[in-house]
Amino acid sequence: RAHTKRVSACVISPDGKFIISASHDKTCKIWDAVTGIERATLSGHTNGVRSCEISLDGKFIVSTSQDNTCKIWDAATGTERISLKGHTDWVTACAISSSGDFVVSASNDKTCKIWNTATGTLRATLKHTNWVRDCKISPNGDFVVSASFDNTCKIWDSTTGTIRATLKHTDWVEACAISPDGKFVVTASKDNTCKIWDTSTGMALATLKHNNWAKACAISPDGKFIV
């Protein structure tokens with residue numbers, strides 16, 4: 001059965017066999033990628049679902065919601081494993097570490113939070129001074145990147161939660177992406193640019209200019225080009 005309100009996000013499983021969709025109807029749905037048949041509806045949020053991600057092994061799903069929570073679901077059964085509670089405003093984005101050991105959530109409460117996926121325990125709170133719109137985890141799980149409407153992107157140590165670098169734009173930062181080797185970050189901003197940053201030094205390597213708001217960014221799997 002189709003969603004009953006607009007779909008806010010979707011993601012494809014690593015093996016390409018199923019798709020997850022997130023909707024303002026307060027649910028996520030799991031779909032068979034070959035047949036298009038609905039496999040499960042993930043019900044439990046009490047407000048619109050903003051984003052969803054699938055673990056690298058395809059075993060669990062994470063969803064973020066306007067109900068101020070992030071939820072972890074079993075991908076095989078569609079049952080809720082854990083509800084991550086601690087944000088005080090909409091949770092707008094999430095990322096899952098490649099090991100599956102921890103999740104990062106980004107919120108309009110001006111923070112990112114790092115959570116243990118097995119226990120739901122809060123490991124760290126990462127603070128901005130305005131809404132946080134996006135978050136990513138490095139391929140080796142060593143650091144976290146967050147993009148905020150405070151005009152910055154920050155690089156954080158994933159173990160200690162301390163800031164490694166602050167990357168500055170002149171307007172809201174909407175999105176971020178980390179290269180496959182973890183050596184550079186790309187940010188997209190309302191200042192009409194994307195920027196490429198060295199993750200070890202925090203130095204800007206290049207500025208990519210648009211003639212209007214840059215809303216999203218991505219890096220190719222081989223790290224050779226940016227969209």
Side-chain angles (χ1 to χ4, degrees), residues 7-16 19-22 33 50-56 58 62 64 91-100 102-108 112 114 126 128 130-158 163-227:
V7 177
S8 51
C10 62
V11 65
I12 302 169
S13 65
D15 61 8
I19 296 165
I20 309 298
S21 56
R50 296 296 299 256
S51 71
C52 55
E53 295 291 343
I54 304 171
S55 61
L56 192 60
V62 179
T64 70
V91 187
T92 54
C94 61
I96 304 170
S97 65
S98 58
S99 65
F102 67 93
V103 169
V104 177
S105 55
S107 173
N108 284 1
C112 280
I114 304 176
L126 318 176
H128 280 270
N130 206 334
W131 295 356
V132 187
R133 301 298 288 175
D134 197 13
C135 57
K136 296 290 188 294
I137 302 169
S138 63
N140 65 2
D142 187 50
F143 64 88
V144 172
V145 177
S146 56
S148 172
F149 277 11
D150 65 8
N151 303 354
T152 72
C153 188
K154 292 181 184 290
I155 302 175
W156 311 82
D157 186 287
S158 64
I163 296 175
R164 291 187 179 182
T166 298
L167 317 177
K168 295 181 180 180
H169 278 272
T170 58
D171 212 327
W172 298 350
V173 186
E174 283 276 7
C176 57
I178 303 173
S179 64
D181 61 8
K183 291 184 178 179
F184 67 91
V185 168
V186 177
T187 52
S189 171
K190 192 184 176 185
D191 67 10
N192 302 354
T193 72
C194 285
K195 289 181 180 287
I196 305 173
W197 309 84
D198 186 296
T199 55
S200 62
T201 65
M203 297 294 292
L205 302 175
T207 298
L208 317 178
K209 295 181 180 180
H210 284 271
N211 56 19
N212 209 325
W213 200 330
K215 299 279 286 185
C217 57
I219 303 170
S220 63
D222 61 8
K224 291 184 178 180
F225 65 90
I226 295 160
V227 179

Using atom types as modelled and distance alone, determine if a side-chain donor or acceptor of [X] lies under 3.5 Å from a backbone N or O of [Y].
X	Y	value
Thr199	Lys183	yes
Asp134	Ala147	no
Ser105	Cys112	no
Ser13	Gly58	no
Ser55	Gly100	no
Ser158	Gly141	yes

Over all atoms of both residues, closest heavy-atom pair of [X] and [Y]:
X	Y	value
Lys136	Ala177	CG-CA, 4.3 Å
Phe184	Gly223	CZ-O, 3.8 Å
Pro180	Pro221	CG-O, 3.1 Å
Trp213	Trp172	CZ2-CE3, 3.8 Å
Cys10	Cys52	CA-SG, 4.2 Å
Leu167	Gly202	CD2-O, 3.5 Å

Enter the distance from [X]:[atom1] to [Y]:[atom2] here, rounded to the nearest 0.5 Å.
X	Y	atom1	atom2	answer
Asn140	Ser97	CG	OG	10.5 Å
Ile54	Ile20	CD1	CD1	4.5 Å
Thr166	Asp150	OG1	CG	8.5 Å
Lys209	Lys195	NZ	NZ	8.5 Å
Ile219	Phe225	CD1	CZ	11.0 Å
Asn151	Thr187	CG	OG1	11.5 Å

Check against side chain to side chain contact (heavy atoms under 4.5 Å, CB included), Leu56 and Ile96: CA-CA 8 Å; Leu56 192 60; Ile96 304 170; over 6 Å; no

Test log, rule side chain to side chain contact (heavy atoms under 4.5 Å, CB included), inputs Phe102 and Ile137: CA-CA 10 Å; Phe102 67 93; Ile137 302 169; 3.7 Å; yes

Results of side-chain contact (heavy atoms from CB on, under 4.5 Å) for Ser200 - residues two or more places apart only: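 Listed in chain order: Asp198.
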
Qualifying residues under side-chain contact (heavy atoms from CB on, under 4.5 Å), relative to Ser51, sequence neighbours excluded: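 Per chain and number, Ser51 pairs via side-chain contact (heavy atoms from CB on, under 4.5 Å) with Thr64, Cys94.
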
Ring geometry between Phe149 and Trp131 (parallel below 30°, tilted from 30 to 60°, perpendicular above 60°): parallel

Atom CG of Leu205: over 12 foreign heavy atoms under 6.0 Å: yes

Sequence-distant partners of [X], salt bridge (Lys or Arg N to Asp or Glu O under 4.0 Å), two or more places apart:
X	result
Lys215	Glu174
Lys190	none
Asp142	Arg164

Thr92: side chain to side chain donor-acceptor pair (under 3.5 Å) partners, not counting sequence neighbours: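 Once residues adjacent in sequence are excluded, Thr92 has no partner under the side chain to side chain donor-acceptor pair (under 3.5 Å) criterion.
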
